[in-house]
Q: 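Can you keep this structure in mind? I'll have questions shortly.
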Amino acid sequence: MLSRDSGVIDMVFELELACPHPEWRRYNIFLTLAGYDAEGRQVDLQTFTDKLHDVFGGAEPVRRRHERPAKVSCGPCFRAVAYVNAVAGILPGQHDVSRSPDFEAVVTARADGAELWRKTVMVNGWGGLSIAGLEIRPDSSTLR
């Protein structure tokens, strides 16, 4: 889509985080996607939250399937910047760190529905995942 004021092509950006690993069910997922115009002004901010368990709330964790993709989109805008966090809401079944190895998740970026890049990232079996400042724009072909 063309922006009315700058003639720059604006797009709707999407970020997806998915993980097939059974331990994924233990994690609270937080995604943030900020959209910017061609001049660098923030024009949109969207979030996605999937809280399995409030660590300080004392309530029982919600039982979930591990296959729960998380998606957030923003725009139309010139580019987007993403923040990805997965924080363990409950401890793993094994309290020995060596028995809770890291596992893979997949981060995918899209612009107007077309995939820009897909990257496998490692989730720490105890500490989770934190990625800050992922640049998503039509000319991005990889996770930076």
Q: Do P138 and F13 have side chains that get closer than 4.5 Å, going by heavy atoms?
A: yes
Q: Quick one: closest heavy-atom pair of C74 and L33, and the distance?
A: SG-CG, 3.6 Å
Q: Do D10 and V43 come close enough that some side-chain heavy atom pair is under 4.5 Å?
A: no
Q: Between E16 and V107, is any pair of side-chain heavy atoms under 4.5 Å apart?
A: no
Q: Give a yes or no on whether the backbone of W126 and the side-chain of R26 come within a donor-acceptor separation of less than 3.5 Å.
A: no
Q: Measuring only between side-chain heavy atoms, which start at C-beta, is W117 closer than 4.5 Å to I136?
A: yes
Q: With a 4.5 Å heavy-atom cut-off, do F30 and T47 have their side chains touching?
A: no
Q: If you take all heavy atoms of L129 and M122, which pair is closest and at what distance?
A: CD1-O, 3.7 Å
Q: What are the two closest heavy atoms between H21 and F103, and how far apart are they?
A: CD2-CB, 3.3 Å
Q: Determine yes or no for a side-chain-to-main-chain donor-acceptor pair under 3.5 angstrom, with N124 supplying the side chain and D102 the backbone.
A: no
Q: Any side-chain heavy atom of F48 sitting closer than 4.5 Å to one from L17?
A: no
Q: Using every non-hydrogen atom in the two residues, find where I29 and A70 come nearest and quote the distance to one decimal.
A: CG2-CB, 3.8 Å
Q: Would you confirm whether D44, through its side chain, and G75, through its main-chain N or O, come within 3.5 Å as a donor-acceptor pair?
A: yes
